Amino acid sequence: MNKSEFPDPFENERESKGYGEMDDQNDPVTMLLRHKDVRKTAHNYKTFQSGAVPGRIVVPSEVSIRETRQIPFEVDPPVHGIYRGLVEPWFKRPLQPEYQEKLAEQITNIVEEVLQEDSVEVVTDFALKLQSRALTLLLNTPFSESETWISWGTHVFRSEGEALDGDKANILYDYIDAEIERASKNPTGDMYSILLDSEFEGRKLTKEEVKGVMVLTFAGGRDTVINAVTNAIAYLAEHPESLERLRKEPEITGKTVEEMIRYFSPLTQMGRVVTEDTFVCEHAAKADTRVSLCWASANRDAKVFENPNEIVMDRRINPHVGFGFSHHNCLGATHARQIMKILLQTLAEKVGSFKIFDCKENIEDLHHFKRKVGFHSINMKFNPLTK
Amino acid sequence: MAKITFITSDEETITLEGASGSVMALAVDNGVPGIDGDCGGVCSCATCHVHVAPEDMEKTGSASEIETDMLELDDNADEYSRLCCQIDITDAIDGVVLKVAK
Ligand code: HEM
Ligand code: FES
């Protein structure tokens with residue numbers, strides 16, 4: 001009964017000193033572990049910047065494998081706000097009823113597919129497919145594109161066991177370059193075309209800027225959604241009473257989604273580069289070093305969350321930072337929340353129970369900390385609900 | 001039943017009636033611009049920020065600690081700020097005027 005348990009490796013350090021340290025390719029990171037510090041630091045973009053050398057705020061650092069600046073992620077206010085204003089309406093489309101209907105159809109189809117199988121590897125045969133298909137809605141591209149994205153597998157940016165893999169990332173970059181060329185010759189209503197036609201301070205966005213937005217959209221929404229989906233299913237498999245509760249009290253579904261994002265925290269941390277000598281948690285942080293905002297640790301802070309290590313499905317007050325906080329909070333959250341909400345509704349409606357056969361955990365190696373973030377694979381059977 | 005008036009950032013006035021649930025849910029269901037309610041009302045998104053008319057503060061009460069913590073970092077927040085997902089609709093708030101922050 002513990003495959004869906006996600007231990008909190010940060011508790012001791014969080015309570016005793018408030019920060020942890022990790023080495024990363026000779027560019028060490030001071031990890032901020034407390035809810036209050038994470039929020040305060042996320043807000044203070046002047047001292048803790050995102051607009052450093054591209055790739056540096058990511059942990060593990062991507063400095064050696066990419067040059068394209070991801071937009072609006074690696075830009076600071078006030079320019080950040082201009083870019084963000086350009087793309088925000090597009091990322092809010094998941095609030096539209098037609099969008100939700102199409103997403104519900106996709107999710108119903110994939111759930112019905114797996115109900116036919118004797119054994120399903122949920123990461124590849126469910127979560128990756130669902131994530132890729134749903135992304136065609138966000139990008140407003142043909143459904144068939146999802147087949148290409150699925151064929152890349154779960155490791156577009158890293159190969160198994162190794163840190164970062166430049167060759168693998170190139171597949172994505174080449175693909176996006178080609179798509180931008182296509183859209184600039186034959187514009188459609190897809191995200192590439194809309195971006196190429198957007199105005200930034202009196203001129204059109206450049207292809208490099210469009211690429212910066214698109215790379216981020218692919219990268220930011222892939223592993224995070226795959227882990228959220230897979231972990232949610234593992235949890236429901238081990239907690240049939242929770243699945244039953246979603247059936248009986250569908251009105252709590254939205255709260256359950258937020259609680260799952262808090263508990264699973266699919267994105268563990270994100271870095272910032274320090275611009276001036278300062279202190280974090282009474283610990284000196286020198287200019288040009290890195291700190292990280294550890295969302296996963298903040299989300300288990302007992303000062304803010306009662307019973308932080310439990311999933312409380314109807315947690316009423318839940319100021320989690322799973323989608324980040326302040327200026328850079330997650331642009332894909334509207335899409336991700338709809339996916340999760342419709343997924344839980346559909347599972348409650350169609351699945352009676354699950355059986356887990358075996359799994360391989362995905363443990364992030366953060367130097368002193370080892371954090372379970374999801375699964376490399378998990379084989380299960382979905383049993384239909386018989387009324 | 002309570003009548004609630006929203007003044008949007010475009011100075012549009014929208015008056016709605018509700019009997020139960022949160023003020024955020026009422027606003028979202030009726031498409032009040034500037035209130036998105038992204039997190040569904042669990043106090044994690046701040047997309048439901050309003051400024052209560054000073055004379056109505058007595059009716060709505062002031063912000064809880066969780067709300068002030070959430071708003072503490074918002075330059076646009078003041079002593080009349082509330083996250084309206086945390087205001088329940090009851091007869092007691094009939095007639096309040098809320099200025100949408102965004
Ligand atoms: C459950 C799934 C997801 C989680 C947990 C998550 C988490 C986060 C977090 C914590 C941040 C803040 C990063 C920072 O402060 O530096 C962020 C930013 C961002 N996310 Fe997500 N994300 C998810 C899904 C998505 C999806 C589906 C997309 C798009 C397809 C996406 C696109 C973005 C973008 C564009 C930003 C940068 C926003 C900015 O800099 O203004 N995310 N995400
Ligand atoms: S709706 Fe998210 S904080 Fe009120």
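What you are looking at is a predicted structure, and each value in this text was computed from that prediction instead of being measured.
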- Query: Does B:Phe6 have any ring-ring contact (aromatic ring centres under 6.0 Å, His included) partners at least two apart in sequence or in another chain, and if so, which?
  - Reply: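 Partners of B:Phe6 by the ring-ring contact (aromatic ring centres under 6.0 Å, His included) criterion come out as none, since no residue qualifies.
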Between chain A and chain B, which N or O donor and acceptor atoms come closer than 3.5 Å?
{"residue": "A:Arg39", "atom": "NH2", "partner": "B:Asp69", "partner atom": "O", "Å": "3.4"}
{"residue": "A:His43", "atom": "NE2", "partner": "B:Leu73", "partner atom": "O", "Å": "2.5"}
{"residue": "A:Lys92", "atom": "NZ", "partner": "B:Asp36", "partner atom": "OD2", "Å": "3.0"}
{"residue": "A:Lys92", "atom": "NZ", "partner": "B:Asp38", "partner atom": "OD1", "Å": "3.3"}
{"residue": "A:Lys92", "atom": "NZ", "partner": "B:Asp38", "partner atom": "OD2", "Å": "3.1"}
{"residue": "A:Asn318", "atom": "N", "partner": "B:Val42", "partner atom": "O", "Å": "2.6"}
{"residue": "A:Arg337", "atom": "NE", "partner": "B:Asp38", "partner atom": "O", "Å": "3.4"}

- Would you please name every residue forming a ring-ring contact (aromatic ring centres under 6.0 Å, His included) with A:Tyr83, sequence neighbours left out?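 Partners of A:Tyr83 under the ring-ring contact (aromatic ring centres under 6.0 Å, His included) test: A:Phe200.
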- Message: Taking side chain as everything from C-beta outward and backbone as N, CA, C, O, which of these in A:Phe323 sits under 4.5 Å from a heavy atom of chain B? Side chain, backbone, both or neither.
- Response: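 Neither part.
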- Query: So does A:Glu98 have more than 12 non-hydrogen atoms from other groups sitting under 6.0 Å from CD?
  - Reply: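 Yes, CD of A:Glu98 has more than 12 neighbouring heavy atoms, counting only those of other groups under 6.0 Å.
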- Message: Restricting to ring-ring contact (aromatic ring centres under 6.0 Å, His included), what partner residues turn up for A:Phe73, sequence neighbours left out?
- Response: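 For A:Phe73, no residue satisfies ring-ring contact (aromatic ring centres under 6.0 Å, His included) once neighbours in sequence are set aside.
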